[in-house]
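Inspection log for the structure reproduced underneath, given as structure tokens.
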Amino acid sequence: MIGLIDCNNFFVSCERVFDPSLAGQPVIVLSNNDGCVVARSNEAKALGIKMGIPVFQIRELIETNHVAVFSSNYSLYGDMSHRVMTTIDRLVPEIEIYSIDEAFINFEGFQMSSLPDYAQQLTKTIRKNTGIPVCLGIAPTKTLAKIANRYAKKYPGYKNVCIIDSEEKRVKALKCFPIEDVWGIGRQYKQKLNYYGIETAWDFIQKNESWIRKQMSVTGVRTWLELKGISCIAIEQNPSGKQNICTSRSFGEEISDFPVLLESVAYFTASCARKLRGQKSVAGIITVFLYTNRFKKEVPQYYPSITVHLPVPSANPGELIKYARMSLKQIYRPGYKYKKAGVIVSDITSASNVQCSLFDATDRHKQAKILSVIDTVNRKYGTDTLRSCAQPPNCFRKWSLKSQYISRRYTTNINDIIVLNCK
DNA sequence: TCTGGGGTCCTAGGACCC
DNA sequence: TCTGGGGTCCTAGGACCC
């Protein structure tokens with residue numbers, strides 16, 4: 001059996017841990033730049049606030065219902081996620097961290113009869129240790145565990161745990177489950193499947209394999225098998241590093257000046273380089289892209305991007321910034337108002353076996369030592385304490401994000417921890 | 001006025017090889 | 001008029017996830 005633990009309204013729950021007065025109140029958390037709604041408490045959902053809606057469209061609703069609004073605080077959510085995952089890891093034999101708020105658990109070899117009690121105990125312990133409420137779905141496959149989890153969330157009668165452990169329960173669960181809520185079925189497939197009269201997960205598994213393959217390729221077949229109870233998607237305990245790494249931001253205000261864009265791109269590049277070093281890898285390709293504001297149909301639009309191959313793969317911010325700067329120069333056109341920029345690094349390989357270049361003049365051994373010192377200093381004194389000259393101090397940033405409603409970094413910033421203790 | 005930021009996998013088609 | 005048969009690699013685009 002496979003379990004799926006999913007934190008309830010995760011970002012909202014994190015805010016509630018440090019401000020208990022939010023319990024029972026409608027609460028929402030916004031995306032970067034205070035743009036869209038990305039998390040909602042049950043009370044906010046009940047008000048009809050949809051996932052992903054731009055916040056300016058629901059200003060009135062927020063005011064009349066006294067909805068508590070938060071900017072996203074990823075330092076806080078990341079740390080709370082780590083606490084939840086650590087708690088689970090201590091209590092189960094095998095865990096796969098699937099996202100910031102979800103983890104699969106391998107219950108292979110567990111005595112079936114002891115599972116319900118054990119599962120209850122697990123959710124209670126997570127709540128007690130971290131303050132975060134979670135639900136647990138258990139079933140023979142990942143896709144079915146996802147469905148079980150959804151039922152555990154939806155019906156309080158389950159007391160946070162739903163187990164699909166018999167043919168009868170599986171059939172019943174599938175018959176009541178909308179096809180678009182199945183893991184792996186998105187907007188496009190919903191449309192297509194509805195067109196063919198498929199409304200529920202049960203309708204879906206009545207089709208034959210070759211039809212599914214023709215319409216949805218092997219990924220569709222995997223979903224189809226998983227729903228039938230045949231496991232196709234294994235638990236991955238040691239996820240390999242990322243194959244692509246991207247840092248991009250929408251700007252608080254639109255930017256036309258090259259030097260300001262360059263600053264932002266230098267920051268994004270340094271961030272990519274840091275993420276690369278975090279997984280002990282290097283990148284051979286760097287892509288820089290710009291976006292004008294796609295919502296302003298009346299102004300000229302321009303979405304350029306450029307990809308550069310590095311002579312030697314690298315995770316050195318100085319070196320990567322050099323190529324990013326060259327790239328930006330090539331795609332930048334004056335006169336446009338840019339709303340977003342970003343950097344992607346790809347062709348990622350392990351830092352321990354880099355293919356050298358015959359003509360490389362850099363002393364890479366020495367460089368690695370410098371980088372390791374920089375990382376040590378920045379871990380101790382904060383990100384970007386030591387940084388490239390291309391990245392001016394934060395206070396000079398003209399391209400900063402809006403985050404009007406941000407809470408404190410209660411668990412990771414010493415000054416905020418002091419504030420919390422005084423409270 | 002105001003609209004996020006990350007990722008993955010799969011397939012088809014083109015360019016190339018012998 | 002008629003034009004083979006087998007591969008590989010790469011990329012863009014489309015689907016999905018949180």
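Reminder, nothing fancy here: chain letters follow the sequence lines and each chain counts from 1.
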Hey, can you pull the residues of residues 184-211 of chain A with a non-hydrogen atom under 4.0 angstrom from DNA chain C? A/G184, A/I185, A/G186, A/R187, A/Q188, A/Y189
Comparing nearest nucleotides in DNA chain B, the 5'-proximal residue of the pair A/T219, A/E254 is A/E254
Flag side-chain contact, heavy atom, 4.5 Å: A/I235 against A/E108: no
The correct list of stems in which DNA chain C takes part (3 or more consecutive Watson-Crick or G-U pairs, distances under 3.5 Å) is B:5-18 with C:5-18
Quick one: list whatever passes side chain to side chain contact (heavy atoms under 4.5 Å, CB included) with A/F295, sequence neighbours left out. A/N293
When all nucleic acid strands are considered with a 4.0 Å heavy-atom cut-off, which category describes A/T247: base, sugar-phosphate, or nothing? sugar-phosphate
With a 4.0 Å cut-off (strictly under) to non-hydrogen atoms of chain A, the first and last hit nts on DNA chain B, 5' to 3', are B/dC2 to B/dT11
Side chains of residues 79-92 of chain A: which donor-acceptor pairs under 3.5 Å do they make with residues two or more places apart or in other chains?
{"from": "A/D79", "atom 1": "OD2", "to": "A/R83", "atom 2": "NE", "distance (Å)": "3.3"}
{"from": "A/D79", "atom 1": "OD2", "to": "A/T411", "atom 2": "OG1", "distance (Å)": "2.6"}
{"from": "A/S81", "atom 1": "OG", "to": "A/I100", "atom 2": "O", "distance (Å)": "2.7"}
{"from": "A/T86", "atom 1": "OG1", "to": "A/H82", "atom 2": "O", "distance (Å)": "2.5"}
{"from": "A/T87", "atom 1": "OG1", "to": "A/R83", "atom 2": "O", "distance (Å)": "2.8"}

So what does A/V55 hit on the nucleic acid, given a heavy-atom distance under 4.0 Å: a base, only sugar-phosphate, or nothing? nothing
Test item: side-chain donor near acceptor, A/Y410 and A/E15, under 3.5 Å: no
Those residues of residues 294-305 of chain A lying under 4.0 Å from DNA chain C by at least one heavy atom: none
Using a heavy-atom cut-off of 4.0 Å across all strands, would you classify A/D101 as base, sugar-phosphate, or nothing? sugar-phosphate
Determine the contact category for A/V29: base if any of its heavy atoms lies under 4.0 Å from a base atom, sugar-phosphate if only primed atoms, P, OP1 or OP2 are that close, otherwise nothing. nothing
Any donor-acceptor N or O pair under 3.5 Å, side chains A/T307, A/T287: yes
By salt bridge (Lys or Arg N to Asp or Glu O under 4.0 Å) - contacts of A/K146 (at least two apart): A/E102
A/K159: partners by side chain to side chain donor-acceptor pair (under 3.5 Å), with sequence neighbours left out: none
Distance-only check: which donor-acceptor pairs under 3.5 Å involve side-chain atoms of residues 220-227 of chain A, not counting sequence neighbours?
{"from": "A/T223", "atom 1": "OG1", "to": "A/T219", "atom 2": "O", "distance (Å)": "3.3"}
{"from": "A/W224", "atom 1": "NE1", "to": "A/K207", "atom 2": "O", "distance (Å)": "3.0"}
{"from": "A/E226", "atom 1": "OE1", "to": "A/K142", "atom 2": "N", "distance (Å)": "3.3"}
{"from": "A/E226", "atom 1": "OE1", "to": "A/T143", "atom 2": "N", "distance (Å)": "2.8"}
{"from": "A/E226", "atom 1": "OE1", "to": "A/T143", "atom 2": "OG1", "distance (Å)": "2.7"}
{"from": "A/E226", "atom 1": "OE2", "to": "A/C232", "atom 2": "N", "distance (Å)": "2.8"}
{"from": "A/E226", "atom 1": "OE2", "to": "A/I233", "atom 2": "N", "distance (Å)": "2.9"}

How about A/N73 and A/S407: does a side-chain donor come under 3.5 Å of a side-chain acceptor? yes
For residues 177-191 of chain A, which side-chain donor-acceptor pairs fall under 3.5 Å, sequence neighbours excluded?
{"from": "A/W183", "atom 1": "NE1", "to": "A/Y98", "atom 2": "OH", "distance (Å)": "3.3"}
{"from": "A/K190", "atom 1": "NZ", "to": "A/N194", "atom 2": "OD1", "distance (Å)": "3.1"}

Residues in side chain to side chain donor-acceptor pair (under 3.5 Å) contact with A/S72, at least two apart in sequence or another chain: none
A/N316 and A/S314: side-chain donor and acceptor closer than 3.5 Å? no
With sequence neighbours left out, which residue pairs that include part of residues 32-58 of chain A fulfil the side chain to side chain donor-acceptor pair (under 3.5 Å) condition? A/N9-A/N42, A/N9-A/K45, A/R16-A/E43, A/D34-A/S71, A/S41-A/E43
Report the residue (A/N244 or A/R59) whose heavy-atom-nearest nucleotide on DNA chain B is the more 5′ of the two. A/R59
For A/R222, which contact category applies under a 4.0 Å heavy-atom criterion: base, sugar-phosphate, or nothing? sugar-phosphate
Within the structure shown, what part of the strands sits under 4.0 Å from A/L30 by heavy-atom distance: base, sugar-phosphate, or nothing? nothing
